[in-house]
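Every chain is numbered from 1, with letters handed out A, B, ... down the list of sequences.
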Protein chains: 2
Amino acid sequence: MSPRGTVQNAAMRNQTLANISSAALRMFSEFGYHGTTMKLIAESAGQSYGLVYHYFPSKEAVFRHLVDFALESTIAGMHAVLSAPGTAWEKLERYSAMLVGSALTGDSSRYFLIMTQALTQAKGIEGLQRHIKARAAVFYELLVPLVIQAQKTGEAAQGDPEALVAAYLSLVQGLALLVYQGNGLERKITAEIMSSVLRAPRH
Amino acid sequence: MSPRGTVQNAAMRNQTLANISSAALRMFSEFGYHGTTMKLIAESAGQSYGLVYHYFPSKEAVFRHLVDFALESTIAGMHAVLSAPGTAWEKLERYSAMLVGSALTGDSSRYFLIMTQALTQAKGIEGLQRHIKARAAVFYELLVPLVIQAQKTGEAAQGDPEALVAAYLSLVQGLALLVYQGNGLERKITAEIMSSVLRAPRH
DNA sequence: GTCTATACACTGATAGAC
DNA sequence: GTCTATCAGTGTATAGAC
């Protein structure tokens, strides 16, 4: 009733929501969409079964929420790195460094993983595939112009810029899988290796 | 009873088995392990539900069979390309060409996909993760020495050879995902781009 | 070898008590 | 806001007829 009460309620609600989301991210990234049950999410979050349905109308909604967050935060991260001053090639190298430094370690790699899950198992989820494709197009819209510019200065490799970006993003997705396997090999990956897909052979 | 009868039976059995396996590969690669039902496999193969269980004791066995085939045929393909005469770098380039030319197109890419499915959803399948890790170690055993040799001739990039191979294999896995999405972008990928992860910057 | 029918367990989602 | 109980639907696996 009192203002303080509603504020506390909102805080508690946000915390519970974050708790459930975090648990769902772990489960989806480990068992896939169909392999994850609402019971599993609830138990993993330390919450009751019914409470999950209080925050999300369906399992699909939970998954969509995570996929959207993954897409938007990836786009935001790209924007942040690419909007800082520097040449096109410097920006691309800086993004590789950011991926190796943070995005491909810990929880962030799980977001790349559920993107993979979404792409390879979402045939039954109405419109999700299309939604991802539309938002992922932004990746290309941001990176392709940079590659074209870096090709003019001779820093990026010649060839179809879209193909280069496609290979670069494929490498990122593949590395997220490597991180997930946890052999320790992922710690040896350097920003230089990541950029090598785009880099021109020097003469 | 007669010799001819048993031979015909064996032939029919092999064909039905191949039919079910092929249908299962399609379903698993599109819906993932948990998203694929035995009913779906049966219908997709044009066979009855019970018949699938006549050929495989369980859904897990079907999946294992496909994963094993994927692993062994990938290893066999590597051996074939790498045992042909040539320098270490030539062999690596030849393998990239083979991947772009055949392995990453059509049905072959589905085998790379179920490897991804297996790695990211097989937490519930006892021992599968370990089995894959053990067999996938062969990839490294075959490729790392080649990279080390190509580093000596200055053709491969300097740096940890294991990290280079890990990035190379990650790129392959990522590209299989690209093929699956079917944007048409995968057709622009060249062997040169694939090899760029391993290639040394020329001086 | 091939098919249909079914037992049994589990999952997603809802209802209603506190 | 949080929990337990419950229902309808689906999935794996088996049994048994042909």
Side-chain angles (χ1 to χ4, degrees), chain A residues 1-21 23-24 27-28 30-66 117 121-126 128, chain B residues 1-21 23-24 27-28 30-66 117 121-126 128:
Chain A
M1 308 283 182
S2 72
R4 196 174 58 195
T6 57
V7 168
Q8 284 178 338
N9 275 348
M12 184 180 295
R13 190 183 165 80
N14 284 338
Q15 194 183 340
T16 308
L17 189 68
N19 184 19
I20 292 173
S21 297
M27 295 302 104
F28 279 128
E30 293 189 5
F31 299 96
Y33 178 74
H34 299 285
T36 300
T37 68
M38 291 297 255
K39 189 187 171 201
L40 206 64
I41 293 174
E43 284 173 358
S44 163
Q47 304 288 356
S48 76
Y49 185 81
L51 193 63
V52 180
Y53 275 97
H54 180 74
Y55 283 88
F56 293 96
S58 65
K59 178 169 113 170
E60 189 182 320
V62 183
F63 192 66
R64 284 192 121 96
H65 178 253
L66 293 174
Q117 311 273 18
Q121 310 168 44
K123 280 253 158 118
I125 309 178
E126 191 57 41
L128 186 58
Chain B
M1 309 281 181
S2 73
R4 194 173 60 191
T6 58
V7 168
Q8 284 179 339
N9 274 349
M12 184 181 295
R13 190 181 164 82
N14 283 339
Q15 194 183 340
T16 308
L17 189 69
N19 184 20
I20 293 174
S21 296
M27 296 302 105
F28 278 128
E30 290 189 7
F31 297 97
Y33 178 73
H34 299 286
T36 300
T37 67
M38 291 296 257
K39 189 185 171 202
L40 206 64
I41 292 174
E43 283 172 358
S44 164
Q47 304 288 357
S48 75
Y49 185 80
L51 193 63
V52 180
Y53 275 96
H54 180 74
Y55 284 89
F56 292 97
S58 67
K59 179 170 114 169
E60 189 182 320
V62 184
F63 193 65
R64 284 191 120 95
H65 177 254
L66 293 174
Q117 310 274 18
Q121 309 168 45
K123 280 255 160 117
I125 311 179
E126 192 56 40
L128 185 58

- Message: Tell me if the aromatic rings of B:H65 and B:F56 count as close, with their centers under 6.0 Å from one another.
- Response: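 Between B:H65 and B:F56, the centre distance is under 6.0 Å.
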For [X] and [N], give me the distance from atom [atom1] to atom [atom2], rounded to whole Å.
| X | N | atom1 | atom2 | result |
| --- | --- | --- | --- | --- |
| A:F56 | D:dG1 | CZ | C1' | 16 Å |
| A:L51 | C:dA17 | CG | C1' | 15 Å |
| A:N19 | D:dT2 | CG | P | 10 Å |
| B:M27 | D:dG11 | CE | P | 14 Å |
| B:Y53 | C:dT4 | OH | C1' | 15 Å |
| B:L40 | D:dT12 | CG | C1' | 14 Å |
| B:H34 | C:dG12 | NE2 | P | 12 Å |
| A:M38 | D:dG9 | CE | P | 19 Å |

- Query: Say you draw a straight line from NE2 of A:H34 to CZ of A:F63; how long is it, rounded to the nearest 0.5 Å?
  - Reply: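 CZ of A:F63 is found 8.5 Å from NE2 of A:H34.
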Quick one: is [N] close enough that its OP1 or OP2 comes under 4.0 Å of any side-chain N or O from [X]?
| X | N | value |
| --- | --- | --- |
| B:H54 | C:dG1 | yes |
| B:K59 | D:dT12 | yes |
| B:Q47 | C:dC3 | yes |

- How would you label the contact of B:Y55 with the nucleic acid (heavy atoms, under 4.0 Å): base, sugar-phosphate, or nothing?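 Counting heavy atoms under 4.0 Å across all strands, the contact made by B:Y55 is with sugar-phosphate only.
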- With sugar-phosphate meaning primed atoms plus P, OP1 and OP2, does A:S48 contact a base, only sugar-phosphate, or nothing at under 4.0 Å between heavy atoms?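 Base contact - A:S48 has a heavy atom under 4.0 Å of at least one base atom.
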- Item | No-H, no-angle donor-acceptor pair, B:Y49 side chain to D:dA13 base, under 3.5 Å |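 Present.
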- Item | Flag, side chain of B:K59 to backbone of B:T36, donor-acceptor distance under 3.5 Å |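 At least one qualifying donor-acceptor pair exists.
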- Query: Is it true that a side-chain atom of A:Q117 and a backbone atom of A:Y33 form a donor plus acceptor pair closer than 3.5 Å?
  - Reply: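 No: the side chain of A:Q117 does not pair with the backbone of A:Y33.
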- Of all the choices, D:dA13, D:dT2, C:dT11, which nucleotide is nearest to the side chain of A:T37 once you look at every atom?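 From the listed options, C:dT11 comes nearest.
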- Message: If I compare all heavy atoms of A:A42 with all of A:S48, which pair ends up nearest, and what's the gap?
- Response: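 Minimum heavy-atom separation between A:A42 and A:S48: CB-O, 3.7 Å.
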